[in-house]
Amino acid sequence: MNLNEPDFSQAVHYHSGAFPPVTLDYQRLIPAIEDAAASLARYDAKMESMVSSALLLAPLRRQDAVVSSRMEGTISTIDEIYRLEAEEDAQTLDPYREARSDDIETFLYSRAMMRAQQAIEAGQSIDEHLIRSIHHVLLSFGRGMRKNPGQYKRDQNYVADDRRRVIHFVPISHVHLPQAMQSLVTYINDDRHRPLIRTALAHVEFEALHPFEDGNGRIGRMLITLMLWKLGILSRPHFFVSGYFETHKEEYVERMRNVSANGDWTGWTEFFLTALHEQARVNIAIADKILTLYGAMRERFRTVLNSQYHDQALDYVFGNPVFRNDRFVDRAGIPASSARGITRRLTEAGFLRTLEPSSGRRAALYAFDPLLDILQI
């Protein structure tokens, strides 16, 4: 073999004509279905019982953005993403100028997921338009702009080890992609399989199609959350499974390859259901930590601030754990004179860390480390 040519000797090719599978071994899958359904139900019930669930669970979305992007080789931290959000929220002249490309890509993942939620809440179904729209958001800035945002691939693509030039998987040809995507979307919105089974099979099919030039893994993992929500497993799109997939990345990839290589749809589905079950337990533990922190900080803010606005201050820093002081003054629902004193007292008490002091017309930048520390992964 020419050293400059890719090695196809280990490549698995797309399973043309095999989706959706005619049969699955339900006897083998029933225990995994029951475990996943029970764990997701517990997780969803817990989230719904929280008075401030939207506020307390927003950090999980940012955490998923970091993990899912990291699986594609994009390395960011949760505080870097929050910092970029803070700069954009503060309407900094060029919020992306000093940001690393990896941080921008991870930030856009979080934004794409929020746009998808808004579209579905407005009545849109999970269809090709939605998928292409969120892909457009995901690749709308930075390196992704060169990868045809919102457009299906125009050439054959591959899943490969670029350094070794070894091809691991050959997705469907771009010539046959349009019909395959129509079939996938039809399946997503059909009820021939249980919602959990449908989500498992739709995910592996999307990844096998690899419909875009870039961003397929991230879009595929977003669709898991959106399907679980849209199909009624979750009351809101607040469950993320990327953490389990990253921890078990080799098995995740191999299970997907085995669908095309050996027709092992049951093995993939069992792995996927186990991922939902285990990740639900992890997410409950993280949510418990966030809720415990919120309760403890509520008492400490009340004591330190000695102000009628302690709850507004607490809610703001939980929702925006990195922020510019002028945004806090404008948006925390606290009179300006009181708000400035509150950030000063919280900084003096060690609850806020100054990332940048105020300079000229540029407000100080603060970080709420107690929450960021829980989310570091």
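Every value quoted in this text rests on a predicted model; they were computed, and no experiment measured them. The first residue of the sequence shown is numbered 1, and numbering continues consecutively from there.
Ring pair Tyr152/Phe212 is tilted by interplanar angle, where 30° to 60° counts as tilted.
The heavy-atom pair separating Ser242 from Tyr109 by the smallest distance is OG-OH, 4.4 Å. Contact between Pro21 and Leu24 at its shortest, heavy atoms only, is CG-CD2, 4.2 Å. Scanning both residues, Met222 and Ala112, for their nearest heavy atoms gives CE-CB, 3.8 Å. Residues Gly267 and Arg28 approach most closely at CA-NH2, 3.6 Å, considering heavy atoms. Between Leu138 and Gly215, the closest heavy-atom pair is CD2-O, 3.9 Å. His15 approaches Ser260 most closely through the heavy-atom pair ND1-OG, 2.6 Å.
In this structure, His277 contributes its side chain and Ala36 its backbone to no donor-acceptor pair below 3.5 Å. One N or O on the side chain of Ser307 and one on the backbone of Tyr309 form a donor-acceptor pair closer than 3.5 Å. The backbone N or O of Val137 lies less than 3.5 Å from a partner atom in the side chain of Ser140, making a donor-acceptor pair. Using modelled atom types, one side-chain atom of Gln156 and one backbone atom of Pro171 make a donor-acceptor pair closer than 3.5 Å. Between the Arg255 side chain and the Trp268 main chain, no donor and acceptor come within less than 3.5 Å of each other. Arg198 places a side-chain N or O within donor-acceptor distance of the main-chain N or O of Asp190, the cut-off being under 3.5 Å. Panel note: side chain Asn157, backbone Lys153; no donor-acceptor pair is recorded below 3.5 Å. Judged by distance alone, with hydrogens and angles left aside, the side-chain atoms of Asp127 form a donor-acceptor pair with the main-chain N or O of Leu130 at under 3.5 Å. Between the side chain of Thr269 and the backbone N or O of Ala200 there is no donor-acceptor pair closer than 3.5 Å.
The side-chain heavy atoms of Leu276 and Leu40, taken from C-beta on, include a pair separated by under 4.5 Å. Residues Arg194 and Ile197 meet the side-chain proximity criterion, which asks for heavy atoms closer than 4.5 Å. With contacts defined as side-chain heavy-atom distances shorter than 4.5 Å, the pair Met227/Lys230 does not qualify. Residues Arg324 and Glu356 form a side-chain contact, since some pair of their non-hydrogen atoms from C-beta on lies under 4.5 Å apart. Within the 4.5 Å cutoff, the side chain of Asp35 has no heavy atoms near those of the Leu273 side chain. Under the 4.5 Å side-chain criterion, counting only non-hydrogen atoms from C-beta, Pro195 is not in contact with Leu228. Using a 4.5 Å heavy-atom threshold, the side chains of Pro20 and Trp265 count as separate. Inter-residue side-chain proximity for Ile224 and Thr199 is flagged as met; some heavy-atom pair is nearer than 4.5 Å.
Here Arg221 contributes atom CZ and Glu246 contributes atom CD; the two are 9.5 Å apart, rounded to the nearest 0.5 Å. Note that the CD1 atom of Ile219 and the CD1 atom of Ile131 stand 8.5 Å from one another [nearest 0.5 Å]. In this structure, NE2 on His129 lies 11.0 Å from NE2 on His136, to the nearest 0.5 angstrom. Atoms CD and CD1, from Gln308 and Ile334 in turn, are 9.5 Å apart once rounded to the nearest 0.5 Å. Atoms CG and CD1, from Leu223 and Ile188 in turn, are 6.0 Å apart once rounded to the nearest 0.5 Å. With values rounded to the nearest 0.5 angstrom, Met297 atom CE is found 11.5 Å from Thr292 atom OG1.
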Check step by step if salt bridge (charged side-chain N to carboxylate O under 4.0 Å, His left out) holds for Glu299 and Arg302.
CA-CA 5 Å; Glu299 295 304 315; Arg302 178 185 290 115; 2.8 Å; yes
Derivation of the side-chain contact (heavy atoms from CB on, under 4.5 Å) call for Asn320 and Arg327:
CA-CA 10 Å; Asn320 307 270; Arg327 297 292 92 182; over 6 Å; no
Between Arg42 and Ser39, does the side-chain hydrogen bond (donor to acceptor under 3.5 Å, both in side chains) criterion hold? Intermediate values first, please.
CA-CA 5 Å; Arg42 284 193 296 270; Ser39 294; 3.1 Å; yes
Would Leu209 and Leu184 satisfy side-chain contact (heavy atoms from CB on, under 4.5 Å), going step by step from the backbone distance to the final call?
CA-CA 10 Å; Leu209 295 177; Leu184 172 59; 4.1 Å; yes
Decide yes or no on side-chain contact (heavy atoms from CB on, under 4.5 Å) for Leu352 and Phe323, but give the supporting numbers first.
CA-CA 10 Å; Leu352 295 179; Phe323 64 92; 3.8 Å; yes
Salt bridge (charged side-chain N to carboxylate O under 4.0 Å, His left out) between Arg344 and Glu348: does it pass, once the steps are laid out?
CA-CA 6 Å; Arg344 176 179 51 80; Glu348 291 172 349; 3.6 Å; yes
Ile172 and His210: CA distance, side-chain angles, deciding distance, side-chain contact (heavy atoms from CB on, under 4.5 Å) verdict
CA-CA 7 Å; Ile172 195 171; His210 238 59; over 6 Å; no
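Between Phe19 and Tyr187, the distance from one ring center to the other falls under 6.0 angstrom. When ring centroids are compared, Tyr252 and Tyr244 stay outside the 6.0 Å threshold. In this structure, the ring of Phe169 has its center no less than 6.0 angstrom from the ring center of Tyr14.
For the ring-ring contact (aromatic ring centres under 6.0 Å, His included) criterion with Phe351, the lone passing option out of Tyr366, Phe368, Phe301 is Phe301.
The local environment of CD in Glu250 is sparse, with at most 12 non-hydrogen atoms from other residues, nucleotides or ligands closer than 6.0 Å.
Residue pairs satisfying the ring-ring contact (aromatic ring centres under 6.0 Å, His included) criterion with at least one member in residues 213-233, sequence neighbours excluded, are absent.
Side chains of Thr303 and Arg300: no donor on one and acceptor on the other come within 3.5 Å. When only modelled atom types and interatomic distance are considered, Asp44 and His238 share a side-chain donor-acceptor pair under 3.5 Å. Residues Tyr294 and Asp315 have side chains that bring a donor and an acceptor to within less than 3.5 angstrom of each other.
Note on Ile374: it clusters hydrophobically with Phe239, by side-chain heavy-atom contacts below 4.5 Å among ILVMFWY residues.
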